[in-house]
Protein chains: 2
Amino acid sequence: MAVSREQIITAAIRHLNAAPTASMAEIAAAAGISRATLHRHFASRDELVTVLGWRALEDWQRVQREAGIAEAVASGDRALLREALQALLHGGVAICHEHGFLLTERALPADLLRRSDEIEEHEVEFLSACQRAGLIRADLPPRWVSSVVFGLLVAVTESVRRGDVAQRDVPRLFLDTFLRGVA
Amino acid sequence: MAVSREQIITAAIRHLNAAPTASMAEIAAAAGISRATLHRHFASRDELVTVLGWRALEDWQRVQREAGIAEAVASGDRALLREALQALLHGGVAICHEHGFLLTERALPADLLRRSDEIEEHEVEFLSACQRAGLIRADLPPRWVSSVVFGLLVAVTESVRRGDVAQRDVPRLFLDTFLRGVA
DNA sequence: GTACAATGAGACAAAAATGTCTCAATCAAG
DNA sequence: CTTGATTGAGACATTTTTGTCTCATTGTAC
């Protein structure tokens, strides 16, 4: 049976999450296709990773939109902001479950990183609004808070990869730790 | 003037922190020596990274020892544990300032990783003791708490690398966020 | 000044992965 | 069944980095 492009992408994501430095040959094997066929779909490894990267960014943007962070910022309403924050964090976990390996990927194309910075910028503004609403302490630089989200997502990805934490416990642990710390 | 092995290591660390995937040629250039000389000191790139890795682990172990985590665990004394925790976290930041690039290095030799797991195991036991003493919430798996330390250190490294956070603010932000979260 | 050690520059082969290409086999549509 | 498209297997050249080696040069100790 033919293996669709989507199936290849799915397999590539799965395998890259387990082995982030996998070669095209490994990825092809993981997808159950030949290296030649993989190259017919993605001219180069860069192109493949780039496609996955853009998907991750689209997901991230979608999460931001569905969480309603723009509206929440505009309103400044505490309850709205709180709900958006919850949704944003849950969405972040979901994205990492799929694209976690990209978090620590070191060789991403510049335009992807630029777009990533743009999206992160919206996140920073949102977090800033959360600070003004008293949801997040005001004595932390918003960019640091954004980095904390990033760092905790790395922790999530690594914990799950190593089997230290069950998938179902992740959202609670992540949100709990993010908001209240460990003490 | 001759460039000592120590100077090479220092330059390599500095450069690898800025460009984690740097080749031997780049590292040699950064150290101001020829590629041949670099190879005379470190037969292979793996060997170089491995040497740096073992240094980082030694530093980590030293931090654990100087923080007195073993004694604190043995005593179970809350004040002792608190002081050890503070020292441990401060030490972690210091290590990352130097060896941060290793946090997300994907191709480390197995024996290094094994040793890393051993040292981390001491950390987990210590964090567990902190939970029993009420310094850290008991509803978080200690391995998750350990991952949180890791993740926040990644956040620290990345923030500093990007210039989002000043070096001098790092310890406060790190400890504050770790213990109290962002809310 | 001489001798010895370390260095830099560069040539070189080897390894590993990449990307291209061909060809025969398979599969699906008509 | 036939045709046309897609695939897998593998050969191939290329690229990049690695690791080795040589040789002339530098510099340092004696």
Side-chain angles (χ1 to χ4, degrees), chain A residues 1-56 99 101-113, chain B residues 1-56 99 101-113:
Chain A
M1 189 191 89
V3 176
S4 73
R5 185 182 169 96
E6 277 313 305
Q7 287 175 306
I8 296 174
I9 289 181
T10 301
I13 286 175
R14 184 194 318 278
H15 193 252
L16 284 172
N17 268 315
T21 62
S23 68
M24 289 294 266
E26 277 182 76
I27 296 169
I33 59 175
S34 74
R35 206 163 63 89
T37 302
L38 180 55
H39 270 288
R40 282 184 192 107
H41 283 278
F42 304 96
S44 70
R45 190 185 194 281
D46 275 357
E47 184 182 316
L48 170 59
V49 173
T50 300
V51 166
L52 302 187
W54 284 107
R55 288 208 169 201
H99 298 106
F101 73 96
L102 288 168
L103 280 175
T104 49
E105 176 64 51
R106 303 192 194 263
L108 293 174
D111 52 347
L112 202 76
L113 293 177
Chain B
M1 186 190 92
V3 176
S4 74
R5 185 180 170 95
E6 276 314 306
Q7 287 175 305
I8 296 174
I9 288 181
T10 300
I13 287 175
R14 183 193 320 279
H15 192 253
L16 284 171
N17 268 316
T21 62
S23 69
M24 289 294 266
E26 277 182 75
I27 297 170
I33 60 176
S34 73
R35 206 164 63 90
T37 301
L38 179 57
H39 270 289
R40 283 184 191 107
H41 282 277
F42 304 96
S44 70
R45 188 185 195 281
D46 274 357
E47 184 182 316
L48 170 59
V49 173
T50 300
V51 165
L52 302 186
W54 284 107
R55 288 208 169 200
H99 297 106
F101 72 96
L102 289 168
L103 280 176
T104 49
E105 175 64 50
R106 303 192 193 262
L108 293 173
D111 52 347
L112 202 76
L113 293 178

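Each chain gets a letter, A, B and so on, in the order the sequences are listed, and its residues count up from 1.
Comparing C/dG19, C/dG8, D/dA9 against the side chain of B/Thr37 picks out C/dG8 as the nearest. Considering only side-chain atoms of B/Met24, the nucleotide from D/dT22, C/dA17, D/dG19 that sits closest is D/dG19. Distances from the side chain of B/Arg35 to the nucleotides C/dG10, D/dA9, D/dT20 place D/dT20 closest. Distance from the side chain of B/Ser44 is smallest for D/dG19 among the nucleotides D/dG8, D/dG19, C/dT7.
In this structure, CD1 in A/Ile8 is found 9.0 Å from CG in A/Leu48, a value given to the nearest 0.5 Å. From A/Trp54, atom CH2 reaches atom CG of A/Leu108 across 11.0 Å, with rounding to the nearest 0.5 Å.
The nearest whole Å value for the distance from the CD1 atom in B/Ile27 to the C1' atom in D/dT17 is 12 Å. Taking atom CG of residue A/Leu38 and atom P of nucleotide D/dG10, one finds them 17 Å apart after rounding to whole Å. Atom P of nucleotide C/dT26 and atom CD1 of A/Ile33 are separated by 19 Å, given to the nearest angstrom. At whole-Å resolution of the value, NE2 in B/His39 and P in C/dA6 are 18 Å apart. Distance CD1 (A/Ile8) to P (D/dT6): 13 Å, rounded to an integer number of Å. In this entry the distance linking CG of A/Asp46 with P of D/dT16 reads 12 Å, nearest Å. In this entry the distance linking CG of B/Leu48 with P of D/dG19 reads 10 Å, nearest Å.
Between A/Ala36 and A/Ala22, the residue whose closest nucleotide on DNA chain C is further toward the 5' end is A/Ala22.
Contact annotation for B/Arg45: backbone-only contact, meaning every heavy-atom pair under 4.0 Å involves sugar-phosphate atoms and none involves a base.
Between A/Arg55 and A/Glu6, at least one side-chain nitrogen of the basic residue sits less than 4.0 Å from a carboxylate oxygen of the acidic one, meeting the salt-bridge criterion.
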*Run the side chain to side chain contact (heavy atoms under 4.5 Å, CB included) check on B/Val51 and B/His41 step by step: do they pass?*
CA-CA 11 Å; B/Val51 165; B/His41 282 277; over 6 Å; no

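With sequence neighbours excluded, no residue satisfies side chain to side chain donor-acceptor pair (under 3.5 Å) with B/Thr21.
A donor-acceptor contact under 3.5 Å is not formed by the side chain of B/Arg40 with the base of D/dG19.
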